[in-house]
There are 2 protein chains.
Amino acid sequence: MSAKQPTIKEIAKRLNISISTVSRALHDHSSIGLRTKTRVKELAKELKYEPNQAAIFFQQRKTFTIGVILPFLSELFFSSAISGIEDVAVKSQYTVLLGQSRDDANREKHIIETMKKHRVDGIIISISKHTTNYEHFNRLRQSGIPVVFFDCIPNMTDIHYVACNMVSGTVQATSFLLKNGHRVIGLINGPEKLYASKQRQEGYQIAMSKHRLKYDPSLIVNSDLTKEGSRKAVKELLEHKRKVTAIVTFNDYVALDAMQYADAQQVAINKDVCFVSYSNLPMVEYLKYSPMASVEQNPYLQGQKATEMLLELLQKKEEDQTDNSSYKIIIDSHLVEYKQ
Amino acid sequence: MSAKQPTIKEIAKRLNISISTVSRALHDHSSIGLRTKTRVKELAKELKYEPNQAAIFFQQRKTFTIGVILPFLSELFFSSAISGIEDVAVKSQYTVLLGQSRDDANREKHIIETMKKHRVDGIIISISKHTTNYEHFNRLRQSGIPVVFFDCIPNMTDIHYVACNMVSGTVQATSFLLKNGHRVIGLINGPEKLYASKQRQEGYQIAMSKHRLKYDPSLIVNSDLTKEGSRKAVKELLEHKRKVTAIVTFNDYVALDAMQYADAQQVAINKDVCFVSYSNLPMVEYLKYSPMASVEQNPYLQGQKATEMLLELLQKKEEDQTDNSSYKIIIDSHLVEYKQ
DNA sequence: CTGTTAGCGCCTTCAA
DNA sequence: TTGAAGGCGCTAACAG
């Protein structure tokens, strides 16, 4: 069955011309006689010739492949992001090599090794929540593989990244609640170490001080982002000595668990306690309870931007422009209010 | 910055030995002196030598890459499937090259071309709903690239595939409703051409005849799987001259839209009309309305099985076992009943 | 306009 | 135990 693929060598032999002539004819090189060109192209079609990219990649030291490493594909944020990545990549003839870290630092490291072996041209990554050692990223830099971080970004200097400014979104979210008369507002944040958590806290504090309210640290609790963690967190807020009337949650998934728990405690969702969240999940319209508003993080756009940035870096690299500046794109998050 | 990667040639030169000796030393070839071996290995480590897989791939005509083509990553079914695929692939040192067809036949074709160019070792694909021309699959076969279909499978002979037996699940789903006393049961099916639709219809008919009820074709309506299509479909059933008391929907997304429409028409969900569906979405617990039961299709398992099958085919191919049999795995679907 | 040659990095006979 | 040489498929100088 699988007859082995024809090569330009084969074509050359059959046509009694040299290999390079065939190569040039196939590439519409200017200095090739029309006659030979047509003959070559016809035979190529007849033989169903297809250039062996593996050989070309090898020869050109370029694979037209970009590695994409994400924690979980099952989260809509990431599947949207990868759509954006893929769209831009495909348009530029690149392909996407995929890896799921599952928020496991070792797995992440292993994936990076594999991608390095596969000689991907560049990498786009949202790092795992448990990655604390950044050595493998440094090694990537040493091997000259450009990396664009997005979403979850390591605390390193001189890196390229696309991020979403969660501060502005959080200010909007908190202000939204303040404008609606709430004064005691809880924040269910993610793990403390996360930059994303710090940003949310910062936004929260900014909004508070803008409204000349003093910041009460006990109103900020952390969830480990598991169902149980979120339930514990909301419990703490509901039992807070001050009467919490509104809660900002780290993301929609946390919000769902928190609201579910609150509901079970006979708390009237968005009446006794109002919820505002992040992610803007499309499932909202079908949900039993949805937050009153959610901060859109534009994952698709982030994916696009990250890819564009990476492609630009690759371009620069090819042109050998030693450019040591680090690229940053900050996308603004914004609040989306839902109709009740 | 990016100093170019060292090669075995480089190592050989520095050590004043031949390239092949280095190659053998690195591979722990039996006939290499311990001294040279250690020297080579040490220098390799020092230089941070890493074999250039692109070269090896080229040389071995194998990329350790499998192409995975799916309609939408954003559907949980597919993101689960790809998790299964990736898990198995990673364990066998393979990498996943990703492509989203977005249910667009042209895009699908284009992706396949790209993957062929990239010389993927094999392909796993759930074909787009709008793919009617199967020529590109035949061409894949001609180029000797093994393909394993899963989920959405083309109507071709002699293909390898992993599928979910939707007939059994549908029989269970319909029987579940019949046992609960329903007699006039509607089916919102997908596009007629789809094999998945045919299977559902078959299961529906089997269940009916098992219960000695006669089959009424007007109770089966089709949705194009858009929100509008599903709303139209459920409208037709709700206005049916016979009083429809239960509806089986093509999948959970269809169910959501159908239930939403029904609710707006003052129909009491799962009281006036009961819903049963497919997919078993994990979001169920947070939904306003959920079907009473859903047919689990085990996407993760399907992904695993498909990958195992593909790896086996690759193995066979390597060992040059000309085996023309076509592999099929049918996974049983089963009904999951939800607590109300 | 076309052919010749060298080489990308690695593995693998064949010789020594 | 080691070295030399060839070749995977293709591109790109360098010659004609």
Side-chain angles (χ1 to χ4, degrees), chain A residues 2-41 43-44 47-65 93 116-121 143-144 318, chain B residues 2-41 43-44 47-64 116-121 143-144 318:
Chain A
S2 70
K4 59 176 168 299
Q5 312 259 344
T7 67
I8 51 173
K9 196 175 173 184
E10 171 79 9
I11 297 181
K13 202 187 298 175
R14 293 213 195 197
L15 256 37
N16 250 319
I17 55 180
S18 85
I19 293 180
S20 41
T21 306
V22 177
S23 173
R24 281 187 284 244
L26 257 17
H27 286 109
D28 287 315
H29 193 285
S30 58
S31 65
I32 286 287
L34 185 59
R35 285 256 332 253
T36 14
K37 196 156 103 178
T38 14
R39 282 177 63 212
V40 169
K41 290 208 169 181
L43 184 57
L47 260 38
K48 284 179 188 149
Y49 166 78
E50 291 198 47
N52 181 343
Q53 289 287 357
I56 297 175
F57 293 158
F58 163 56
Q59 202 259 134
Q60 301 186 168
R61 281 95 153 217
K62 189 155 165 44
T63 58
F64 278 98
T65 302
Q93 317 270 31
K116 216 154 81 180
K117 276 194 190 143
H118 275 256
R119 289 290 204 268
V120 293
D121 294 334
S143 12
E318 235 165 84
Chain B
S2 69
K4 59 177 171 298
Q5 313 256 345
T7 66
I8 50 172
K9 196 177 175 182
E10 171 78 10
I11 296 180
K13 204 187 298 177
R14 294 214 195 196
L15 256 36
N16 250 321
I17 54 177
S18 82
I19 293 179
S20 40
T21 306
V22 177
S23 171
R24 282 188 281 241
L26 257 16
H27 286 109
D28 288 315
H29 194 284
S30 59
S31 66
I32 287 286
L34 186 59
R35 287 255 332 254
T36 13
K37 196 156 104 179
T38 12
R39 282 178 63 212
V40 169
K41 290 207 169 180
L43 184 57
L47 259 38
K48 285 177 188 151
Y49 166 79
E50 292 197 47
N52 181 343
Q53 290 287 355
I56 297 174
F57 293 159
F58 164 53
Q59 204 256 128
Q60 298 185 170
R61 280 86 157 250
K62 187 155 166 46
T63 59
F64 277 99
K116 217 155 81 178
K117 277 193 190 143
H118 275 256
R119 289 291 205 268
V120 293
D121 293 334
S143 9
E318 233 165 87

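Hydrogens, waters and symmetry mates are skipped; everything else that's a heavy atom, side chains included, is used. Lettering of chains follows the sequences in order, A, B, ..., and the numbering in each one begins at 1.
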Among [options], which nucleotide sits nearest the side chain of [X]?
{"X": "B/F58", "options": "D/dG3, C/dC8, D/dG9", "result": "D/dG9"}
{"X": "B/S20", "options": "D/dA4, D/dG9, D/dG7", "result": "D/dA4"}
{"X": "A/I32", "options": "D/dT11, C/dC10, C/dT2", "result": "C/dT2"}

Quiz item: B/R24 side-chain donor-acceptor pair to D/dG3 base, under 3.5 Å: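 Such a pair exists between side chain and base.
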Below 4.0 Å: OP1/OP2 of [N] and any side-chain N or O of [X]:
{"X": "B/S18", "N": "D/dG3", "value": "yes"}
{"X": "B/R119", "N": "D/dG9", "value": "no"}
{"X": "B/T21", "N": "D/dG3", "value": "yes"}
{"X": "B/T36", "N": "D/dT2", "value": "yes"}
{"X": "A/S23", "N": "D/dT11", "value": "yes"}
{"X": "A/K9", "N": "D/dC8", "value": "yes"}

Using whole Å, what does the distance between atom [atom2] of nucleotide [N] and atom [atom1] of [X] come to?
{"X": "B/I19", "N": "C/dT13", "atom1": "CD1", "atom2": "C1'", "answer": "15 Å"}
{"X": "B/R61", "N": "C/dG9", "atom1": "CZ", "atom2": "C1'", "answer": "15 Å"}
{"X": "B/R39", "N": "D/dT1", "atom1": "CZ", "atom2": "C1'", "answer": "14 Å"}
{"X": "B/Q59", "N": "D/dG6", "atom1": "CD", "atom2": "C1'", "answer": "11 Å"}
{"X": "A/Q60", "N": "C/dG9", "atom1": "CD", "atom2": "P", "answer": "13 Å"}
{"X": "B/K37", "N": "D/dT2", "atom1": "NZ", "atom2": "C1'", "answer": "15 Å"}
{"X": "A/K62", "N": "D/dG9", "atom1": "NZ", "atom2": "P", "answer": "23 Å"}
{"X": "B/H29", "N": "D/dT2", "atom1": "NE2", "atom2": "P", "answer": "12 Å"}

Heavy atoms from other residues, nucleotides or ligands near NZ of A/K117 exceed 12 (cutoff 6.0 Å):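 No.
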Side chain proximity check, A/L43 to A/R14, heavy atoms < 4.5 angstrom: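 A/L43 vs A/R14: side chains touch.
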Any B/T7 side-chain heavy atom under 4.5 Å of B/K13 side chain: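 No, too far: nothing below the 4.5 Å cut-off.
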Sugar-phosphate, base or nothing in reach of A/F57, heavy atoms under 4.0 Å: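 It contacts nothing in the nucleic acid.
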Touch class at under 4.0 angstrom, heavy-atom based, for A/I8 against every strand present: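 Base: the residue A/I8, judged by heavy atoms under 4.0 Å, touches a nucleobase.
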Test ring pair (Phe, Tyr, Trp, His ring centres under 6.0 Å) applied to B/Y49 - qualifying residues, sequence neighbours left out: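 Here no residue qualifies.
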Taking every non-hydrogen atom, the tightest pair across A/I56 and A/P51: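 Where A/I56 meets A/P51 most closely, the heavy atoms are CD1-CB, 4.0 Å.
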Non-hydrogen atoms of A/P6 and A/L47 that approach each other most closely: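 Smallest interatomic distance, heavy atoms only, reads CG-O, 3.3 Å.
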5' priority, DNA chain D, between B/I17 and A/I56 [closest heavy atom]: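 Its nearest nucleotide lies further toward 5', so the answer is B/I17.
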